[in-house]
Amino acid sequence: MKQNVGMANNKLINNPEILAAAQALQRGNLVALPTETVYGLGADATNPDALKKIFAAKGRPSDHPLIVHIAKGAPLGHWAVQIPDAAHKLIDEFWPGPLTLILKRGKGIPLDVTGGQETVGIRCPAHPMAQALLTVFAKIGSGVVAAPSANKFGHVSPTNAQHVRDEFGSAIGQSIYLLDGGTCKVGIESTILDLSRGKLVLLRPGAISREQIRDVTGDVPLMSDETVAAKNEAAAPRVSGSLAAHYAPLTPLKLLAAEPLKAEMDSMLDSGKRVAVLAFAAPPKMNPSPVGVGIRNARRLVWITGDHDAVGYAQGLYANLRTLDAAATSVILVEAPPKSAPWDAVNDRLSRAAVGSGKHR
Ligand code: TXA
Ligand code: MG
């Protein structure tokens with residue numbers, strides 16, 4: 001998971017686009033930036049006016065806290081305090097990388113970032129362009145960038161620059177400076193681990209697994225729904241990514257096992273409906289529609305075969321959901337992946353996508 005950011009960084013630090021992006025942040029404007037997980041919509045984390053622009057652009061409620069991004073090796077003291085030993089071990093092992101740590105808020109972080117809470121989520125992204133941006137921004141500004149995923153609130157996260165353009169349209173190049181860093185390697189959002197409660201609590205599964213966290217800290221993180229406190233706090237959305245409905249396409253999405261999926265697909269096709277599918281098998285052979293029957297220019301069945309490996313599946317997941325959504329069928333049928341640990345993060349995102357889907361069609 002670790003990347004050697006040093007080499008690429010040296011070249012990128014002198015890149016005019018990185019400088020322009022850092023200057024935009026310094027002036028209080030928004031920058032869409034690539035990370036190894038998903039694209040982020042960034043603003044100076046110390047500038048409340050700039051932070052307001054994030055919430056406005058996303059349509060996100062202002063009590064949903066943002067993750068703060070910092071450069072590798074940057075001192076943490078101004079941004080987080082009472083950092084436990086476990087955090088230092090995890091930082092040494094996994095930063096830069098897809099792990100966000102929830103820590104006690106330091107004085108340098110305004111409450112606008114944390115949704116009024118006394119904790120802050122901090123992460124050090126591994127994408128070389130993100131590292132270069134944070135390094136240059138540390139020279140001309142605060143060096144800390146608050147960035148949620150660069151999508152409208154509740155929608156599917158972007159994993160390439162075109163997805164970001166699709167989300168924000170004409171604002172790109174006007175009020176939002178976009179850095180194009182290609183396709184995100186991980187493809188789903190970072191693991192979020194809460195270290196602020198005297199025990200480890202996993203708030204969002206991601207590419208860094210519970211087992212990897214246990215191997216480094218000696219403790220198995222609790223799942224957030226295993227803590228009584230988390231249950232009591234359920235009414236307050238501390239983690240928007242933990243809302244039941246999130247990461248969702250506009251087309252209704254159903255998660256099904258292979259057999260019922262096939263049955264549902266067949267009956268929909270028989271009744272003349274178009275269907276989009278994300279499954280593990282190869283697409284079935286379809287008879288062409290008879291002339292004059294159905295929508296001649298639109299494919300009746302849009303089928304994507306997902307990667308059999310959880311890492312590859314995660315990398316393509318959001319792009320696949322976007323493709324299926326754009327097919328504008330009446331439903332997206334997704335074959336439920338295995339229930340085993342490597343699929344935890346993918347299963348988490350798919351179940352939330354299913355709950356949140358279909359709001360606009
Ligand atoms: O991979 C990622 O984490 C991406 C990239 C851009 O870094 N960012 C991302 O941000 O997924 P966002 O805002 O879409 O999701 C961040 C999650 C939210 O669910 C938010 O509620 C939670 O982190 N979060 C941030 N600060 C928190 C805090 N102090 N306590 C609890 N949850 C927090
Ligand atoms: Mg998000």
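Quick caveat, the model's predicted, so the values are computed rather than measured. Both counts, for ligands and for their atoms, begin at 1 and track the order of listing.
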**Request:** Walk me through it: do Asp92 and Lys89 pass the test salt bridge (Lys or Arg N to Asp or Glu O under 4.0 Å)?
**Result:** CA-CA 5 Å; Asp92 285 349; Lys89 289 183 188 158; over 6 Å; no
Ligand-residue contact atoms, ligand 1 with [X], heavy atoms, under 4.0 Å:
| X | result |
| --- | --- |
| Pro148 | 10 (O), 12 (P), 13 (O) |
| Ile192 | 17 (C), 22 (C), 23 (O) |
| Thr37 | 1 (O), 2 (C), 4 (C), 5 (C) |
| Ser190 | 1 (O), 2 (C), 3 (O) |
| Gly40 | 6 (C) |
| Leu66 | 25 (C), 26 (N) |
| Arg204 | 2 (C), 3 (O), 9 (C), 11 (O), 15 (O), 16 (C), 17 (C) |

Is [Y] paired with [X] through a side-chain N to carboxylate O contact shorter than 4.0 Å?
| X | Y | result |
| --- | --- | --- |
| Lys58 | Glu167 | no |
| Arg352 | Asp348 | yes |
| Glu118 | Lys104 | no |

Would you say ligand 1 has an N or O under 3.5 Å from any N or O of [X]?
| X | answer |
| --- | --- |
| Ser149 | yes |
| Thr119 | yes |
| Glu189 | no |
| Arg60 | yes |
| Lys58 | no |

**Distance-only side-chain donor-acceptor flag, Glu189 / Ser157, under 3.5 Å** = yes
**Prompt:** Is there a donor in the side chain of Ser196 and an acceptor in the side chain of Asp194, or the other way round, less than 3.5 Å apart?
**Reply:** yes
Check whether any heavy atom of [X] sits under 4.0 Å from an atom of ligand 1.
| X | value |
| --- | --- |
| His64 | no |
| Arg105 | no |
| Val120 | yes |

Donor-acceptor pair, [X] side chain versus [Y] backbone, under 3.5 Å?
| X | Y | answer |
| --- | --- | --- |
| Asp325 | Thr251 | yes |
| Arg210 | Pro221 | yes |
| Lys273 | Met265 | no |

**Request:** Under 4.0 Å, heavy atoms only, figure out whether ligand 1 is touched by the backbone of Asp194, its side chain, both or neither.
**Result:** neither
**Message:** Measuring centre to centre across the rings, with the benzene-like ring taken for any Trp, is Phe280 within less than 6.0 Å of His308?
**Reply:** yes
**Asked** Under the salt bridge (Lys or Arg N to Asp or Glu O under 4.0 Å) criterion, do Asp266 and Lys262 qualify, and how do the steps go?
**Response** CA-CA 6 Å; Asp266 287 344; Lys262 186 172 182 312; 2.7 Å; yes
**Asked** Of the choices Ala150, Ala147, Gly42, Ser196, which has the non-hydrogen atom that lies closest to atom 8 (N) of ligand 1?
**Response** Ala147
**Message:** Quick check on the Mg ion (ligand 2): does Ser149 put an N/O/S atom closer than 2.8 Å to it?
**Reply:** yes
